[in-house]
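These notes concern the structure reproduced below.
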Amino acid sequence: MIKKEVAELLVKQINLELHSGYLYLDFANFYEEKNLPGFAHWYVKQAGEEYEHAMKIRHFLLECNEKVSLSAIADPTTKLADLKAPLLEGLKHEQFITASINKILEKAIEVKDHLTVNFLQWFVKEQGEEEMNAQLNIDKFEMVGGSGSAIYLLDKELGGR
Ligand code: FEO
């Protein structure tokens, strides 16, 4: 059995994961408008991963006989000033999600909910990768600078995800 207070945090995490997907879809729409289909594709894929994260938690809760109630997803639209802005926002967002996962893990440890401690190990590793990928995108973007032809090539690369 998982602990009630931990289950409640996991239900909230489902909402955060769905919101992450919503946010990345907004980034994708931004890049579509800028005629960068590769950047857009990268974020559409990322949005799909976020949906999978939400489903993973949903499945775990249902297996534990916990009720999963959904709530409204926050508006994802953010002010995106330039081509680099979504990349920076993306890293900031992943750091926020990592902190949220860590908070649930710490609560699970505190109340000796070993089942959830074990379940969350996958998410701890995944968040490490998500932050690394977000940082990598920023590094690549900074490497190419403002050069149009280099951004075109980077767009091709990101389109291959
Ligand atoms: Fe599901 Fe990008 O964290």
Side-chain angles (χ1 to χ4, degrees), residues 2-3 5-32 34 36-64 66-109 113 115-142 154-155 157-161:
I2 72 172
K3 298 282 168 61
E5 56 266 62
V6 176
E8 278 166 19
L9 292 176
L10 285 170
V11 168
K12 284 188 187 147
Q13 189 65 30
I14 291 179
N15 186 280
L16 289 182
E17 298 291 345
L18 291 174
H19 176 255
S20 302
Y22 218 34
L23 182 70
Y24 292 143
L25 214 48
D26 188 59
F27 291 177
N29 293 344
F30 170 81
Y31 283 123
E32 295 282 5
K34 304 288 178 194
L36 289 168
F39 281 73
H41 170 81
W42 197 93
Y43 279 109
V44 166
K45 280 268 187 191
Q46 190 57 39
E49 280 202 6
E50 301 304 347
Y51 188 78
E52 283 173 23
H53 296 168
M55 291 306 106
K56 217 176 175 68
I57 300 171
R58 173 185 176 271
H59 183 70
F60 175 68
L61 286 166
L62 292 177
E63 265 190 342
C64 296
E66 290 295 331
K67 185 175 159 58
V68 178
S69 46
L70 301 176
S71 48
I73 301 169
D75 186 341
T77 49
T78 41
K79 235 183 157 32
L80 300 169
D82 51 34
L83 294 179
K84 192 179 171 187
L87 308 178
L88 297 174
E89 287 296 326
L91 176 61
K92 215 163 72 182
H93 184 73
E94 285 306 330
Q95 288 166 340
F96 164 72
I97 294 295
T98 298
S100 180
I101 293 287
N102 288 345
K103 214 171 90 185
I104 305 171
L105 181 58
E106 282 153 22
K107 176 54 87 177
I109 291 168
D113 180 345
L115 191 60
T116 302
V117 171
N118 182 57
F119 169 71
L120 285 176
Q121 297 312 305
W122 185 89
F123 280 88
V124 170
K125 185 167 173 280
E126 178 72 5
Q127 280 313 120
E129 286 171 15
E130 299 260 284
E131 283 191 37
M132 194 185 71
N133 289 336
Q135 183 63 58
L136 201 59
N137 283 347
I138 294 170
D139 293 346
K140 284 179 185 171
F141 192 88
E142 285 176 350
L154 183 55
D155 188 61
E157 187 198 316
L158 293 177
R161 179 178 181 183

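One-based numbering, in listed order, for ligands and for the atoms of each.
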> Hey, is K125 close enough to E129 for a salt bridge, meaning N to O under 4.0 Å?
Replying inline: yes
> So how far is it from L9 CG to I101 CD1, rounded to the nearest 0.5 Å?
Replying inline: 10.5 Å
>> Would you say that L115 contacts F60 through its side chain, given a criterion of any heavy-atom pair below 4.5 Å between the two side chains?
In response: yes
> For the residue pair Y31 and Y43, does the interplanar ring angle fall in the parallel (under 30°), tilted (30 to 60°) or perpendicular (over 60°) class?
Replying inline: parallel
>> Under 4.0 Å between a side-chain nitrogen and a carboxylate oxygen: does that hold for E89 and K92?
In response: yes
>> Under a 4.0 Å threshold between the charged nitrogen and the carboxylate oxygen, would R161 count as salt-bridged to E49?
In response: yes
> List-wise, which protein N, O or S atoms are found short of 2.8 Å from atom 1 (Fe) of ligand 1?
Replying inline: E17 OE1, E50 OE1, H53 ND1
